[in-house]
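We number each residue from 1, following the sequence as shown.
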Amino acid sequence: MKLGIIGAMESEVATLKQAMDANHVTTKAGMDFYDGVLEGTPVVVVQSGIGKVNAAICVQILADLFEVTHVINTGIAGSLNAYLDIGDILVSEKAIQHDVDATVFGYAPGQVPGLESREFTADVAMSDAVVTACRKTNPDITTIKGCVVSGDQFISNSDTKKRLIEEYHGDCAEMEGAAIAQAATLNRIPFVIIRAISDKADGSAEMDYPAFEKQAAEHCANTVLEFVKTFR
């Protein structure tokens with residue numbers, strides 16, 4: 001196994017880089033890829049940058065240049081599920097791009113033309129292992145599986161939030177996960193997405209996010225470290 005670990009936050013990536021033995025750093029498309037070993041497992045750790053294009057490029061580089069066998073993506077998201085409070089963790093069962101609209105051609109909302117489904121399904125073994133790792137390392141927070149919805153926009157109003165819940169049955173909203181899922185799926189690479197809830201996707205993010213970022217990075221990094229220890 002060679003694991004590609006894509007982080008959204010610099011603080012989180014820094015924690016993983018400190019914990020790994022990095023043999024080489026490669027800079028490509030403005031991203032620094034740290035190639036080495038973490039908890040006895042070959043890994044490549046990278047911060048992708050924000051948005052779906054950056055995310056998809058990052059996965060393709062991991063596939064082509066580093067030949068990773070699995071991809072794990074961590075970061076933050078706004079909650080679309082009343083059960084998920086700030087600080088909780090959502091682990092992907094599936095991911096959908098909410099800003100894709102080719103309905104005029106008969107496709108479902110969120111479905112990329114040419115693909116059979118609008119949903120990209122996470123690897124079950126990986127998602128189960130992540131849930132177990134998160135509950136072990138972060139026992140004081142709620143960890144559930146669900147649907148990640150992604151688009152190149154920051155969700156901050158109640159009307160949009162309502163639409164994402166009604167149309168996509170989303171549990172959290174963010175800006176990279178479904179693009180990573182699509183790129184991994186097209187390359188036949190098993191993937192899982194981890195999202196720490198930073199806000200309620202309703203306009204409160206400006207207040208919630210700064211206080212939460214450090215905690216979110218710690219929760220995600222601890223989960224990844226435990227996952228790497230146990231998943232083989």
Flag if over 12 foreign heavy atoms under 6.0 Å of CD1, I50: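 Count not over threshold, so no.
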Flag yes if [X] and [Y] sit in one hydrophobic cluster, no otherwise; membership is Ile, Leu, Val, Met, Phe, Trp, Tyr, and two members link when side-chain heavy atoms are under 4.5 Å apart.
X	Y	value
F227	M1	yes
V130	V13	yes
V53	V46	yes
I86	I144	no

Side chain to side chain contact (heavy atoms under 4.5 Å, CB included) assessment of V59 paired with I57: CA-CA 6 Å; V59 173; I57 290 172; over 6 Å; no
Taking only residues two or more places apart in sequence, or in another chain, which ones meet [X] in a side chain to side chain donor-acceptor pair (under 3.5 Å)?
X	answer
N81	D171
T103	D101
T160	N157

Show the nearest heavy-atom pair for residues [X] and [Y], with the distance to one decimal.
X	Y	result
T15	A221	CG2-CB, 3.7 Å
A216	I76	CB-CG2, 3.9 Å
T143	C134	OG1-SG, 3.2 Å
L225	A19	CD2-CB, 4.0 Å
A173	L164	CB-CD1, 4.1 Å
S92	V148	CB-CG2, 4.0 Å

Backbone of A178 reached by a side-chain donor or acceptor of S150 within 3.5 Å: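 Yes.
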N54 side-chain N/O to G51 backbone N/O, donor-acceptor pair under 3.5 Å: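 No.
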By salt bridge (charged side-chain N to carboxylate O under 4.0 Å, His left out) - contacts of D32 (at least two apart):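 Salt bridge (charged side-chain N to carboxylate O under 4.0 Å, His left out) check on D32 returns nothing, list empty.
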Residue list, salt bridge (charged side-chain N to carboxylate O under 4.0 Å, His left out) with E10, at least two apart or on another chain: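 Result, salt bridge (charged side-chain N to carboxylate O under 4.0 Å, His left out) vs E10: K17.
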V71 side chain reached by I6 side chain, heavy atoms, under 4.5 Å: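 Contact flag for I6/V71 side chains = yes.
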Chi angles and distances behind the side chain to side chain contact (heavy atoms under 4.5 Å, CB included) call for I89, I141: CA-CA 7 Å; I89 297 285; I141 64 174; 3.4 Å; yes
Listed once per pair and sorted, the salt bridge (Lys or Arg N to Asp or Glu O under 4.0 Å) pairs that draw on residues 125-147, sequence neighbours left out: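 The answer is D128-K145, K136-E226.
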Listed once per pair and sorted, the salt bridge (Lys or Arg N to Asp or Glu O under 4.0 Å) pairs that draw on residues 33-60, sequence neighbours left out: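 Every salt bridge (Lys or Arg N to Asp or Glu O under 4.0 Å) pair that includes a residue of residues 33-60, provided the two are not neighbours, is K2-D35, K52-D99.
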List the atom pairs, with distances to 0.1 Å, where a side-chain N or O of residues 179-197 and a protein N or O form a donor-acceptor pair under 3.5 Å, not counting sequence neighbours.
{"residue": "Q182", "atom": "OE1", "partner": "Q97", "partner atom": "NE2", "Å": "2.6"}
{"residue": "T185", "atom": "OG1", "partner": "A181", "partner atom": "O", "Å": "2.7"}
{"residue": "N187", "atom": "OD1", "partner": "Q60", "partner atom": "NE2", "Å": "3.3"}
{"residue": "N187", "atom": "ND2", "partner": "Q60", "partner atom": "OE1", "Å": "3.0"}
{"residue": "N187", "atom": "ND2", "partner": "A183", "partner atom": "O", "Å": "2.8"}
{"residue": "R195", "atom": "NE", "partner": "E174", "partner atom": "OE2", "Å": "2.9"}
{"residue": "R195", "atom": "NH1", "partner": "N73", "partner atom": "OD1", "Å": "3.2"}
{"residue": "R195", "atom": "NH2", "partner": "N73", "partner atom": "OD1", "Å": "2.5"}
{"residue": "R195", "atom": "NH2", "partner": "E174", "partner atom": "OE2", "Å": "2.6"}

Residue pair N138 / T223, side-chain donor-acceptor N/O under 3.5 Å: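 Their side chains do contain a donor-acceptor pair, which is all the 3.5 Å distance test asks for.
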Can you list, pair by pair, the side-chain donor-acceptor contacts under 3.5 Å of residues 111-126, counting residues two or more places apart and other chains?
{"residue": "Q111", "atom": "OE1", "partner": "A108", "partner atom": "N", "Å": "3.1"}
{"residue": "Q111", "atom": "NE2", "partner": "L115", "partner atom": "O", "Å": "2.7"}
{"residue": "Q111", "atom": "NE2", "partner": "E116", "partner atom": "O", "Å": "3.3"}
{"residue": "S117", "atom": "OG", "partner": "E119", "partner atom": "N", "Å": "3.0"}
{"residue": "R118", "atom": "NH1", "partner": "P109", "partner atom": "O", "Å": "2.8"}
{"residue": "R118", "atom": "NH1", "partner": "E167", "partner atom": "OE2", "Å": "3.2"}
{"residue": "R118", "atom": "NH2", "partner": "E167", "partner atom": "O", "Å": "3.1"}
{"residue": "E119", "atom": "OE2", "partner": "K94", "partner atom": "NZ", "Å": "3.2"}
{"residue": "D123", "atom": "OD2", "partner": "A125", "partner atom": "N", "Å": "3.3"}
{"residue": "D123", "atom": "OD2", "partner": "M126", "partner atom": "N", "Å": "2.9"}

Results of side-chain contact (heavy atoms from CB on, under 4.5 Å) for M20 - residues two or more places apart only: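 Here the qualifying residues are A22, Y34, L38, V43, V45.
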Hydrophobic cluster of Y107, others only, ordered by chain and residue number, side-chain cut-off 4.5 Å: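 Its cluster partners, ordered by chain and number, are V104, F105.
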ring-ring contact (aromatic ring centres under 6.0 Å, His included) contacts touching residues 37-75 (sequence neighbours left out):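 Listed once each, the pairs are F33-F66, H70-F231.
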